[in-house]
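Inspection log for the structure reproduced underneath, given as structure tokens.
Residue numbers start at 1 and run along the sequence shown. Treat the numbers as computed from the prediction; the structure is a model and nothing was measured.
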Amino acid sequence: ATECVQDMIYTMRVIESVGLQVKKHMVLWTDNKGTVDLTNNWSAGGNTRHVEVRYAFLRELKEQGTIVLKWLPGVENRADVFTKNLPRAAFEKHIRNFCGEDEYYGKE
């Protein structure tokens, strides 16, 4: 999530550098419940020492109102098409969001 937020901030700065406005807060949907909890500081305990720096960055951006992290169940995450090998049914469900319907697909 941290790398994605860094890309979002970079893109925001590029857009603002050409004189356009970016609507804030930017929403990052993730299927990682731990990331959302750590960013919102709900489950930060003794076993999270090694991730504190990354999530402190996300917390700061959240407190500034730059980003909001929201949880999305993995089966609903459309970005999985680009990052995971999905079963055929899940692939076909999500790929329609990016490519639309193919009137010739499945016809002989």
Checklist outcome for this item: Correct closest heavy-atom pair for Cys4 and Leu28 would be SG-CD1, 3.5 Å
Checklist outcome for this item: Residues passing the side chain to side chain donor-acceptor pair (under 3.5 Å) test with Thr30, sequence neighbours excluded, are none
Next on the checklist: Go through it in stages, so that I can follow the logic: the residues are Ile95 and Leu86, the test is side-chain contact (heavy atoms from CB on, under 4.5 Å), and I'd like the CA-CA distance, side-chain angles, deciding distance and then a yes or no.
Outcome noted: CA-CA 11 Å; Ile95 200 66; Leu86 296 177; over 6 Å; no
Checklist entry - Among pairs that include at least one residue of residues 65-84, which meet ring-ring contact (aromatic ring centres under 6.0 Å, His included), considering only residues two or more places apart or in two chains? => result Phe82-Phe98
Next on the checklist: Would you say Val14 ends up clustered with Val22 if hydrophobic residues are merged whenever their side chains have heavy atoms under 4.5 Å apart, either directly or through other cluster members?
Outcome noted: no
Item to check | Residue pairs passing the salt bridge (charged side-chain N to carboxylate O under 4.0 Å, His left out) test where at least one lies in residues 71-81, sequence neighbours excluded | outcome: Glu76-Lys93, Asp80-Lys84
Checklist entry - Residues two or more places apart in sequence or in another chain: which of them pass side-chain contact (heavy atoms from CB on, under 4.5 Å) with Gln21? => result none
Next on the checklist: Can you list everything that forms a side-chain contact (heavy atoms from CB on, under 4.5 Å) with Lys70? Sequence neighbours excluded, please.
Outcome noted: Val27, Trp29, Val68
Next on the checklist: Counting C-beta onward and ignoring hydrogens, is there a side-chain heavy-atom pair between Asn77 and Thr83 closer than 4.5 Å?
Outcome noted: no
Next on the checklist: Taking the side chain as everything from C-beta on, heavy atoms only, tell me whether Leu69 gets closer than 4.5 Å to Asn40.
Outcome noted: no
Next on the checklist: On a heavy-atom basis, which atom in Val81 and which in His94 lie closest, and how many Å separate them?
Outcome noted: CG2-CB, 3.1 Å
Checklist entry - So how far is it from Phe57 CZ to Lys62 NZ, rounded to the nearest 0.5 Å? => result 14.5 Å
Checklist outcome for this item: From the list Met8, Met26, His25, side-chain contact (heavy atoms from CB on, under 4.5 Å) with Thr66 holds only for Met26
Item to check | Residue pairs passing the side-chain hydrogen bond (donor to acceptor under 3.5 Å, both in side chains) test where at least one lies in residues 1-19, sequence neighbours excluded | outcome: Glu16-Lys24
Item to check | Shared hydrophobic cluster for Leu58 and Leu72 (ILVMFWY, side-chain gaps under 4.5 Å) | outcome: no
Checklist entry - Among all residues two or more places apart in sequence or in another chain, which pass the side-chain contact (heavy atoms from CB on, under 4.5 Å) test with Val18? => result Leu20
